[in-house]
Every structure is written in C-alpha cells, then in structure tokens.
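Working notes, structure below.
Everything quoted here is computed from the prediction, not taken from an experiment.
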Amino acid sequence: METGGNSLPSGPDGVKRKVSYFYDPEVGNYYYGQGHPMKPHRIRMTHALLAHYGLLQHMQVFKPVPARDKVLCRFHADDYVAFLKSITPETQQDQLRQLKRFNVGEDCPVFDGLYSFCQTYAGGSVGGAVKLNHKVCDIAVNWSGGLHHAKKCEASGFCYVNDIVLAILELLKHYERVLYVDIDIHHGDGVEEAFYTTDRVMTVSFHKFGDYFPGTGDIRDVGYGKGKYYSLNVPLDDGIDDESYHFLFKPIMGKVMEVFKPGAVVLQCGADSLSGDRLGCFNLSIKGHAECVRYMRSFNVPLLLLGGGGYTIRNVARCWCYETGVALGMEVDDKMPQHEYYEYFGPDYTLHVAPSNMENKNTHQMLEEIQGKLLDYLSRLQHAPSVQFQERPPDTELPEVDEDREDKDERRDPDSDMEVDDERKPIPSRVKRETVESEIKDPEVNVDSTRGLEKAAAAEATSAKALDIGSLKIEEPGVKLEETSKQNDQILSSKVNNEVTAQRVKDFALLVLISAALNSSLSSCIVFVL
C-alpha cells in the first residue's frame, strides 16, 4: 500500500502526463425529462469538442465497463440498488411508497434507462480508479461522473449513485490516504458524509453556503472521532471571482497536500461554479476554474478528474474541454473549430467567455477569516496519519484490452435480467486509440459501508452512515475451499479406517469361532455362526 507524496514517473517535469479518458457514446441519449436542468447531452458536446480540438489522440480512450450490482452495493444499500434496477416510468405509479422512501421523483426523476445510466457513469469513475491503481496512467478523466449528492439509501440533487465514493473505495485498496476536492457550487455532502469518521479520506469542499441546496457545509463541520479535522468546508457567498477564489484555494490546498500527503487525489470539477450558470451564482471564468485543476496537477500525485454540476451546457462543454487540455499539459485555441454542435457556441464561437460584472459579496476580511480558521484546523492534524496494519482487499484485476473486439452487448450485466436492445455506435474515427474494456474481474469485497456515523446531533437524525474504511472485510474463497477440502479428506479417511477396523474385528471373530469348533461340536458352532 502506497503512502503518497511521490512524483509521478511520467511527469517529474510538471508537464507531460499519461491520461486515460472514459466515455460512452450512449451517455448523451439519457434524458431526465422536459424542463429538467440536468442534461447528459453536455457530455456528448464535451466529447465533440475534444475530438475536433485533436485532444483525443493524445489520450487513451476507454468505454467504461458498466458497474455491476455488487460494485454499487459496496456503498449503497442492497434494497436501494434493487429499486433503481427495477423502477421504470411505466411502473412508478405502482411504487409510490418506494419512490418516497428513496427520494426519487421530482429532482431525481424516473426516466428510461435510469439504471443503465447509473451503471455507465459509475463504471467510468471506478474504471479510472483501477487505471490509477495499476499505474496505467497518471490522470484519469470521467466527465460523466462526479454525482456527489447521492446517499447510501437515497437519491439527492439529480444524483442516484455516488460514483465518487465508489471510486475512492477502489483507490483505498492501493493508497493509504485519498484526498477529495470539490469545486462544484453545491456542497459535496454525499461524499463528506460517507467518510466523516475516517482519517484515511480527507474531503475539502468549496461551495455556496446559506439558503442554498443542500444546506450543509458549515465551516464548523470538521469531521467526527478519528475523522475530526479531516472534513473541511469553505463556505462562500455570491459573486466570487477568480482572484478571491484562489486567495483561498491555493493556500488551503497547499497546506492540505503538505500535511495529509495523499497517495491519490479525486477532483470533482462541477461547472455550475462558472459565471452565468443557470443554477449557480458564482463568477468564475473558465481559466479560473481550470486553475484549480492545474494547481492540483502540479503536485504530481495520481489524479482522478470527474464532472458534476453544470447547467448552462455550452459553458460546461467549454470548461471540461479546456480542463482536459490542462490535464494533458496542452493549451487549446480560443477560436472554436467547426463541429456538429458549433451553433451552440454563437455568437462568438470561442472557448472562453468573459465573467459578468456581478457584485462579489465575499469581502477580503471574510476571506481572511475563512482562510485563517481552516489553516488553524489543519495545524491540529497529525502529519500523514499512518494506517494500522490490516489485511488489504485484493486488487481489482486490470482487464485485458482488446482493440478489435466489437461487443454489441458490452453493457449487458450477466447478473441482470434487464434487456439491452440498443445499437452501439462507434466513436468518431479521429480518435487515435480507442479501446473497450473487457469485464473487470473483481474479487468480492465486502465493505462495511456507512456504519457508525456519529456526525452531530442533527446529522444523527439522518439515515446515512459513515463508511468504516478501517475494516474492509475480505472474502477468501481460495482459503475456504482449501479448508473444506482438508475437512472432506479427514472425514473420508476416518470413514475408511472405521470400515477397515470393522472388517478386521469380524475376521478375528470368525477365526475364534473356527478354532472353538475344532475343540467342540462342529455342528453347533456352524449353527451359531449362521
């Protein structure tokens, strides 16, 4: 298990990185419904920009393996996963009680292919973590992931499955400490809650706070028990600009990297913190947002980049395209190339858009107070906490890459009864190297997920619980099989010995009787024996 703090072998110069990029061409077809602000189509728009800017040819491009039920159940409750798997728009009226129980309905609607959508985006994030664990790449990217609000037993804030928690659990198989950073305008409540009582995962969220969804993320919420001061919250007000944002981001994250020394970093790049977002109220430029990616990349620590919020979809595509360039160490032109979604970006047809002149309500005094308090929290931490010796869960095996394989049923889950009849379309030929991952051979890992959250009096009233990272239970079928085999051999050997002994006793008795017959009446002995 690696402790972190080492430079990446392919990037000591701070420029070149091996990047693995996860994309399913079907992801843009999923539709939350008319008028819903979450539009998976933005992922397809981002991919088109990456293709026409020529960035795809500099990355390994993978179609994610859909996350199977057992993978989702590492964090989520079995009955919740079963519900997501079974619910459809046609059957939802018959399951009103279940819809209410799992918070599925308005913000998180039931739509066609809901479970496949969850499997796809979760598969990309877990797949990225596997690539990092096996050192296939330095940076893994899944713009369809980053759905940070989902809880163990319920959907929340357009999020059904928490792919971030699942990816972090995968990284924890290999790294002692994992850092999670969230620059979405909304608080990363689902991830914070999952790891609130552990010191193996530090969560840092920069978000709008005060009468704003989800209402959590107070600066005083710092973790509990072993996890105290390993959850940091940076509450911000409307109109924050690039300069004010980085007045906080760089000193805080610099100190976090120094003290925590993570083995891997997960950065949620929600684009609703950009200026002009349909649901947001910040005033960050695309370059200001991407500076967070550039800064975290500069530490030369394995990095998983994920999407998240973002509801002015032309700006989301602009942002994630530019940040992919940052990950690669490549600058992209402001002038946008012609492509199938070109008309979305008029009238300027440029990659960057100027921030607005909205008021910045974050005063310098307020920013200094926030910075001072968070740096004080960090000063109370033990440097790079060690992990108690324990048996580590087996690594997820890295799938063999078969570039010539065309499997129309790639999304098919052998454990699933769900019919898959949609046709697969090839990703554009301008991709230099595109591979489809074969099914990940994943040893069964029983994570005692979400037990023991003792957050605070208010949080104790919630149904979610924190992940007990320190006690990953491991199924060892090979050991059990060997023990069973030995037991069977012992039973068989004992049975044979008993039969042999019985036969010997019988033979001895016969000899005694025959001997007696020679000294007495033969006929009476024969009658006795018979």
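- Considering all non-hydrogen atoms of both residues, L351 and Y53 come closest at CB-OH, 3.8 Å.
- Counting only N and O atoms by type, the side chains of N283 and S275 include a donor and acceptor under 3.5 Å apart.
- Aromatic pair Y377/Y229: ring centres closer than 6.0 Å.
- Every pair passing salt bridge (Lys or Arg N to Asp or Glu O under 4.0 Å) that includes a residue from residues 273-291 is listed here, sequence neighbours excluded: K250-E291, E291-R294.
- The shortest heavy-atom contact between F260 and R177 is O-NE, 2.8 Å.
- Listed here is the closest heavy atom pair of W143 and L306: CZ3-O, 3.6 Å.
- Although no hydrogens or angles enter the test, the distance criterion places a donor-acceptor pair under 3.5 Å between the side chain of R17 and the main chain of R297.
- With rounding to the nearest 0.5 angstrom, the CZ atom of F117 is 13.5 Å from the CG atom of D112.
- For the residue pair H149 and D189, a side-chain donor N or O sits within less than 3.5 Å of a side-chain acceptor on the partner.
- In this structure, the side chain of H76 does not engage the main chain of D69 through any donor-acceptor pair within 3.5 Å.
- Between H41 and Y341, the gap from one ring centroid to the other is short of 6.0 Å.
- The side-chain heavy atoms of L50 and W320, taken from C-beta on, include no pair separated by under 4.5 Å.
- Relative orientation of the Y32 and H36 rings is tilted, given thresholds of 30° and 60° on the angle between their planes.
- In this structure, Y245 and F249 have parallel ring planes: the angle between them is below the 30° cut-off, well short of the 60° mark.
- Under the 4.5 Å side-chain criterion, counting only non-hydrogen atoms from C-beta, R101 is in contact with D79.
- Atom CZ in R318 sits 8.5 Å away from atom CG in L49 (nearest 0.5 Å).
- Remark: the backbone N or O of C118 is not paired with any side-chain donor or acceptor of Y30 at under 3.5 angstrom.
- Side-chain contact check for H352 and S285: no donor-acceptor pair (N or O, by modelled atom type) lies under 3.5 Å.
- Residue L367 holds its CG atom at 8.5 Å from CD of Q371, rounded to the nearest 0.5 Å.
- Taking all atoms of both residues into account, the shortest heavy-atom contact from F158 to D107 is CD2-O, 3.1 Å.
- The closest side-chain heavy-atom distance from K208 to D238 is below 4.5 Å.
- The distance between the ring centers of Y21 and H47 falls below 6.0 angstrom.
- Looking at heavy atoms from C-beta onward, N133 lies in side-chain contact with L171 at the 4.5 angstrom threshold.
- In summary, of the residues considered (D221, T216, D182), a side chain to side chain donor-acceptor pair (under 3.5 Å) with H187 occurs for T216 alone.
- Judged by distance alone, with hydrogens and angles left aside, the side-chain atoms of N162 form a donor-acceptor pair with the main-chain N or O of A150 at under 3.5 Å.
- Considering every non-hydrogen atom in both S125 and A167, the closest pair reads O-CB, 3.7 Å.
- Atom CD of E90 has more than 12 heavy atoms from other residues, nucleotides or ligands within 6.0 Å.
- Between the side chains of N360 and S244, at least one donor-acceptor pair of N or O atoms lies under 3.5 Å.
- Within 6.0 Å of NZ on K39 lie more than 12 heavy atoms contributed by other residues, nucleotides or ligands.
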